[in-house]
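Taking it in order: structure first as structure tokens, then the write-up.
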Amino acid sequence: MTPTTASAKATRTKGTTTSASKNQNPLHTPIIAWYEANQRDLPWREPGCPAWHILISEIMLQQTPVVRVLPIWREWVERWPTPADLAQASPADIIRAWGRLGYPRRALRLHAAAQAIVEKHNGEVPSDHAELLALPGIGSYTAAAVASFAFGQRHAVLDTNVRRVFARTVTGIEYPPTAVTAAETKLATELLPEQRAHVWAVAVMELGALVCTARSPKCAECPVSQQCAWRLAGSPPHTGPARKGQAWAGTDRQIRGALMAALRSSKEPLSHPQLVIEVPDSALRDPNQRSRCLSGLIEDGLVEPLPGDHYQLPA
DNA sequence: CAAGCGTGGGT
DNA sequence: TACCCAAGCTT
């Protein structure tokens, strides 16, 4: 690995007025201490891990569990160690290497991000939050995460884990709102310590991932259970509308997944009849849905149509 | 801005 | 067994 980055590049200047121990919210010390003792040994957290490799991990981890990301991430950083390497790869290779991680449009966006990094940033992952945010597939969370974890900067990193930890410990509710609210962003910003904010960010995330979990939180192991507003309120259950689960059976999403799985595993272009065999019964009975999904995949750049009603992954 | 977008393990 | 949900982004 080429250590082009790391916390050493922290752009923030060191403490000015307040000392680290003074005037900070009471969650900081116990959560960071807990993190130092309990953090997982993840490869993208190793010192000197290149910003590009960290960026890859963040994209892969969007809505995807760590255990599923690990082997694919290792394959990618070895195969495409720099943005320039990925920028030159073919979509078909990238989509196949993405495997069954899910949401394959992420792979395409990462490809596009690599090309933008080559063309606009001289092949180096930008450290500026706004420049990160402008890259394809990078939104508010990922921009803050890369700026924090790859460059040691100070940003409010608000992912689903952090939102849940703050909802419970500070706001006193079991689950955060469906969508990120201005109040949550404000709170996360206010809680940001002056020093080592990137450590605070990853520590809160880790606490949410390992202890303050969505279901069956391990409060007995929590370093801040004694000051958790939700616990102190008697752990009241979530009120309000039930969070709607994602439909799956019979949806376009299922059909798209089946079509992509068929095309990934085939070395040759597939005819339309061959594709039909691969999709679930629900779509067999609905040619409209099939064609809609295929068109959508082509529109997304995930499938390339060939003459004679054949299809393949984009060359 | 709510809906759409994959996949598979946990409970 | 059926949900639930996992380091979100885009339109």
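Chain letters run A, B, ... following the sequence lines, proteins first, then strands; residues in each count from 1. Keep in mind the model is a prediction, meaning the values are calculated, not measured.
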With rounding to whole Å, what would you report as the distance between [N] and [M] at their [atom1] atoms?
N	M	atom1	answer
B:dC5	C:dA6	C1'	14 Å
B:dG6	C:dT11	P	14 Å
B:dG9	C:dC9	C1'	24 Å
B:dC1	C:dT10	C1'	11 Å
C:dT1	B:dG8	C1'	16 Å

Inset, instruction - Name all residues meeting the side-chain contact (heavy atoms from CB on, under 4.5 Å) criterion together with A:Thr251; count only those two or more places apart in sequence or in a different chain, and write none if there are none. - result: A:Ala247, A:Trp248, A:Arg253, A:Gln254
Inset, instruction - Give a yes or no on this: more than 12 heavy atoms of other residues, nucleotides or ligands lie within 6.0 Å of atom CZ of A:Arg292. - result: yes
Inset, instruction - Taking atom CD of A:Glu78 as the centre, report whether more than 12 heavy atoms of other residues, nucleotides or ligands fall under 6.0 Å from it. - result: no
Legend entry - Passing option when A:Trp98 is tested against A:Glu75, A:Arg106, A:Arg264 for side-chain contact (heavy atoms from CB on, under 4.5 Å): A:Arg106
Inset, instruction - Map A:Arg40 and A:Ile138 onto DNA chain C by nearest heavy atom, then report which one ends up closer to the 5' terminus. - result: A:Arg40
Legend entry - A:Pro136 or A:Leu61, whichever maps to the more 5' nucleotide of DNA chain C: A:Leu61
Identify whether any heavy atom of [X] sits under 4.0 Å from a base atom; if not, whether one sits that close to sugar-phosphate; answer base, sugar-phosphate or nothing.
X	value
A:Ala214	sugar-phosphate
A:Arg164	sugar-phosphate
A:Leu110	nothing
A:Ser57	nothing
A:Trp98	nothing

Legend entry - Nucleotides bounding contact with chain A, strand DNA chain C, heavy-atom threshold 4.0 Å: C:dC4 to C:dT10
Legend entry - Donor-acceptor pair between A:Glu58 and A:Tyr141 side chains, under 3.5 angstrom: yes
Legend entry - Same cluster (ILVMFWY, side-chain, under 4.5 Å), A:Leu302 and A:Tyr103: no
Inset, instruction - Check the hydrophobic clustering (I, L, V, M, F, W, Y; side-chain heavy atoms under 4.5 Å; chains of links allowed) and say if A:Val180 and A:Val170 are grouped together. - result: yes
Inset, instruction - Give the ring-plane orientation class for A:Phe166 versus A:Trp200, where under 30° counts as parallel, over 60° as perpendicular and anything between as tilted. - result: parallel
Legend entry - A:His53-A:Trp44 aromatic ring centre distance below 6.0 Å: no
Inset, instruction - At under 4.0 Å between heavy atoms, which parts of nucleotides 5-11 of chain B does protein reach? Answer with one letter per nucleotide, 5' to 3': B base, S sugar-phosphate only, - none. - result: BBBB-B-
